[in-house]
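In what follows, a structure is listed as C-alpha cells, so that the remarks can point back to it.
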Amino acid sequence: MSAHDSHTAPPPEEALPQFSKADLPANGRDYPAEVQLRSRRMQLRGFAFRHVLELLQLGREERVTRLLLDNRLDTLDDAMGLVVWANRIYRERPGLGLWRAGDRCDRFIGMFSLVPLGTTRDVSIGVRLLPSAWGRGYAIEGGAALCAHAFDGLGLEDLVAHCAPDNRSVPPLLLRLGFEEIDPGMHFGKPARRFRLRREDWRGLRPRREGVAPNAQRDTSAQPPAL
C-alpha cells in the first residue's frame, strides 16, 4: 500500500530532509529499535542502523520495486537516511513511523508504515514485503493492525493510500480494510490510484466477499502487496 506498499517511503513530493547531530542516536551507537506494534503473527519495531542490510535486500528486490511509485532504495546511504528519517518521525510524531516487520521468530519479512505526507495533514499507510512473505496474509493482518492503531490508538481522522495503476494486489487489500477509491492523482510525480478511509467508516477487517470487488476476485500472488 502507499498498506506502507509502503509502504514505506521518503516524504512525497520532496527529498529526504537534511539531518543534524540531534537526529543521530543519543548514545552514539545505534537506535533502540523497540517493538512498537504487534499483530497476531508479527512484531513491528523501530528501524536502527543494524537493519540497513535488510532494507537494502527489500529495496533491491525487483519483484518488490517494479510497481512502486517512489525511488528504489539502492545504496547504503539511502538505507541509512531512511533509518534516520524514521527515527525523527518516532520522536516528532509519536505513534507514526516506518517499522521493521518480523515474523513470530523475528525474521525480517518487510516494512509497514504510517507516515505524514509532506506538509499536508494526510497520513499514508504502507506495506512492502519480501517475496517469501507474499500470499500468507501478512499484508492484510498488518494493515488491519495499523488501521486500529491509527484510529483507536492515535485518534486520526482518516488515512490515505496510493498504488500504481497496474498494481492488482493492493486495491483488494484496501477494500477489505474499508478504504474507498477516490479520484486518481500524482504521487512521487507518477500517476497513482488513490484511496481514503475515514475513522467513522473503520469497522475492522471485512470478510472477503464484502471487501473485494467482483473483478478483483483473482489470484494476485505474483504481484507485490506494496504501497
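Because only heavy atoms are used, hydrogens play no part in the values below, and waters and symmetry mates are left out as well, while side chains stay in.
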Would you find a donor on one side and an acceptor on the other, under 3.5 Å apart, between the side chain of Arg199 and the backbone of Gly155? yes

Could you check Asp201 against Phe151 for side chain to side chain contact (heavy atoms under 4.5 Å, CB included), going step by step and ending with a plain yes or no? CA-CA 10 Å; Asp201 296 325; Phe151 296 128; over 6 Å; no

His149 side-chain N/O to Gly95 backbone N/O, donor-acceptor pair under 3.5 Å: yes

For residues Leu130 and Phe108, determine if any side-chain heavy atom of one lies less than 4.5 Å from a side-chain heavy atom of the other. yes

Looking only at heavy atoms, what is the nearest atom pair of Ile89 and Leu98, with distance? CD1-CD1, 4.0 Å

Run the numbers on Val123 and Val115 for side chain to side chain contact (heavy atoms under 4.5 Å, CB included), then give the verdict. CA-CA 5 Å; Val123 172; Val115 294; over 6 Å; no

Given Tyr31 and Phe47, is the side chain to side chain contact (heavy atoms under 4.5 Å, CB included) satisfied, shown in steps? CA-CA 7 Å; Tyr31 298 103; Phe47 276 110; over 6 Å; no

Does Arg41 qualify as a cation-pi partner of Tyr138, given the criterion of NZ or CZ under 6.0 Å from the six-membered ring centre and within 45 degrees of its axis? yes

Name of the residue among Lys190, Met186, His187, Arg193 meeting side chain to side chain contact (heavy atoms under 4.5 Å, CB included) with His162: His187

When you check the side-chain N and O atoms of Ser169 and Asn167, is any donor under 3.5 Å from an acceptor? yes

Salt bridge (Lys or Arg N to Asp or Glu O under 4.0 Å), that's the test. Do Asp158 and Arg121 meet it? Break it down for me. CA-CA 10 Å; Asp158 54 17; Arg121 59 175 291 276; 3.5 Å; yes

In the single-linkage hydrophobic clustering (I, L, V, M, F, W, Y; side-chain heavy atoms under 4.5 Å), do Trp85 and Leu76 co-cluster? yes

With sequence neighbours excluded, what pairs up with Arg91 under the salt bridge (charged side-chain N to carboxylate O under 4.0 Å, His left out) test? Asp23

Point-to-point distance, once rounded to the nearest 0.5 Å, from CG of Leu56 to CE of Met80: 10.5 Å

So Trp99 and Leu114, do their side chains get closer than 4.5 Å, heavy atoms only? yes

Could you pull out all residues at least two apart from Arg45 that satisfy salt bridge (charged side-chain N to carboxylate O under 4.0 Å, His left out)? Asp106

Give a yes or no on this: more than 12 heavy atoms of other residues, nucleotides or ligands lie within 6.0 Å of atom CZ of Arg29. no

Counting C-beta onward and ignoring hydrogens, is there a side-chain heavy-atom pair between Arg136 and Leu129 closer than 4.5 Å? no

Kindly compute the distance separating OG (Ser132) from CD1 (Ile109), expressed to the nearest 0.5 Å. 8.0 Å

Around atom CD of Glu181, are there more than 12 heavy atoms of other residues, nucleotides or ligands at under 6.0 Å? yes

Could you check Gln36, Arg104, Arg100, Arg38 and say which one makes a side chain to side chain contact (heavy atoms under 4.5 Å, CB included) with Gln43? Arg38

Can Arg72 and Asp78 be counted as an ion pair, charged N to O under 4.0 angstrom? no

Distance from Arg203 atom CZ to Leu197 atom CG, nearest 0.5 Å? 10.0 Å

With a 3.5 Å distance limit and no angle check, can you tell me whether Arg60 reaches the backbone of Asp74 through a side-chain donor-acceptor pair? yes

Salt bridge or not between Arg128 and Asp70? Use side-chain N to carboxylate O under 4.0 Å. yes

